[in-house]
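Start at 1 and go down the list; that is how both ligands and their atoms are numbered. Along the sequence shown, residues carry numbers from 1.
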Amino acid sequence: MSDDAAPLDRARAPRPIPKSGIMDIHAYVPGKAKAEGVEHPIKLSANENILGASPKAREAYAASADDLHIYPDSRTSILRDAIAQQFRLEPERLIFGCGSDEIFQLLNQAFLEPGDNIVQGEFAFAAYAIGARACQAEVKCAREPGHRIDVDELLATVDERTRLVFLANPGNPTGTWIPFSEVLRLHAHLPPSVVLVLDGAYGEFADDPAFDDGLDFARGAENVVVTHTFSKLHGLASLRVGWGYAPGAIAAAVDRIRLPFNTSIAGQRAAVAALADTEFQARSLAHVNQWRPWLTQQIGGIGLEVVGPSATNFVLVGFPKTPGKTARDADEFLSARGLLTRSLLNYGMPDHLRITIGLEEHNRAVVDALAEFMKA
Ligand SMILES: Cc1ncc(COP(=O)(O)O)c(C=O)c1O
């Protein structure tokens with residue numbers, strides 16, 4: 001069933017037919033969690049926190065077992081108050097979701113009519129486009145020369161029907177980032193009717209002074225939404241908690257269409273505890289800061305290209321096109337040794353693999369295996 005097919009009379013179809021465009025969407029492909037024949041593979045395919053989660057968050061989660069029969073607070077009040085206080089934000093401008101994924105979807109639903117479009121970089125995180133296509137909107141991709149967002153390319157891609165621009169900074173799967181001065185330039189040239197979504201899923205890992213997640217700027221802007229997640233730095237990916245800071249009018253629009261109980265009791269409580277656990281956050285950042293340069297340097301030393309510099313908890317590695325040495329060959333080679341990395345075929349990057357920074361033994365195993373692969 002494709003958009004090219006003759007329009008179907010859905011009312012007279014012999015079976016229910018999804019609306020136009022739905023079956024053309026490529027479903028999200030998660031990082032793999034299994035390797036054939038390997039009992040306990042090492043999962044470096046989903047940019048999770050390799051140190052696990054904050055012990056305080058784990059306690060809060062376990063204590064929530066007593067409340068399994070209770071509906072959660074629909075306003076996510078305890079987390080709303082904690083985030084508002086920590087970042088000095090107005091509580092009513094916060095949006096919560098089942099991961100930041102849901103926030104992107106809600107924004108798409110609130111702003112896109114059929115025929116409208118979103119603009120994003122060519123290697124943008126897949127969830128933006130899935131949500132937009134579900135609204136029968138178009139997805140317009142701007143070139144990312146050198147695997148980096150280019151503001152001029154984004155601006156040249158915006159047109160009359162653009163309603164949202166999605167920018168992950170740093171990006172996934174590229175790991176690269178742009179300075180905040182560039183984000184401000186993008187914003188300055190966007191029509192005020194376009195929502196600029198600054199996805200800060202990996203923002204905590206970026207430590208260059210020229211980086212900024214945009215929260216401060218968003219306070220005074222009427223078309224900027226900044227999103228964050230508890231899935232990466234805080235290690236709560238399984239609990240699905242994301243948040244956004246939006247202008248009041250956008251927060252109010254999203255509030256009308258979200259599911260009433262879109263964050264769980266355990267998720268709310270664990271997120272509050274994780275936010276307060278600065279020791280775990282510092283440990284997680286120190287781990288990434290120690291091993292990211294090491295992996296970059298070692299993999300580079302093998303003769304492979306590491307895209308970057310990465311400002312995230314992963315590295316993007318480029319492979320030759322030579323048969324036997326391709327990214328696909330490397331993915332198989334690593335998988336057979338229990339090292340699960342992320343193939344990027346669905347991102348149109350057949351020559352790259354994305355590798356989450358692991359524990360010391362994982363990182364050493366990856367480098368040893370890649371060296372063996374390239375020599376073989
Ligand atoms: C760039 C980016 N944004 C958002 C997310 C979504 O995170 P979550 O839905 O777990 O909050 C991810 C997850 O990998 C991501 O890579």
Under 4.0 Å from a heavy atom of [X]: which atoms of ligand 1 are those, numbered in the order shown and with their elements?
X	answer
Ser231	8 (P), 10 (O), 11 (O)
Gly99	8 (P), 9 (O), 11 (O)
Phe104	4 (C)

Here the gap from Arg328 atom CZ to Leu345 atom CG, rounded to the nearest 0.5 Å, amounts to 5.5 Å
May I ask you to check if ligand 1 and Tyr28 share an N or O to N or O distance below 3.5 Å? no
Geometry only, no angles: is Tyr128 polar-contacting ligand 1 at N/O separations under 3.5 Å? no
More than 12 heavy atoms of other residues, nucleotides or ligands under 6.0 Å from CZ of Arg148: is that the case? yes
Can you find a side-chain donor-acceptor pair between Asn117 and Asp159 that sits under 3.5 Å?
yes
Check for me whether [X] has a heavy atom closer than 4.0 Å to any atom of ligand 1.
X	value
Asp199	yes
Lys232	yes
Phe230	no

Taking the inter-plane angle between the rings of Phe125 and Phe104 on a 0 to 90° scale, is it parallel (under 30°), tilted (30 to 60°) or perpendicular (over 60°)?
perpendicular
Does [X] approach ligand 1 within less than 4.0 angstrom via side chain, backbone, both or neither, non-hydrogen atoms only?
X	value
Asp101	both
Tyr202	side chain
Arg240	side chain
Ala201	side chain

Taken in chain and number order and not counting sequence neighbours, the residues that satisfy side chain to side chain contact (heavy atoms under 4.5 Å, CB included) with Glu372 are Phe333, Arg337
Under 6.0 Å between the ring centres of [X] and [Y]?
X	Y	value
Phe314	Tyr202	yes
His228	Tyr245	no
His147	Phe123	yes

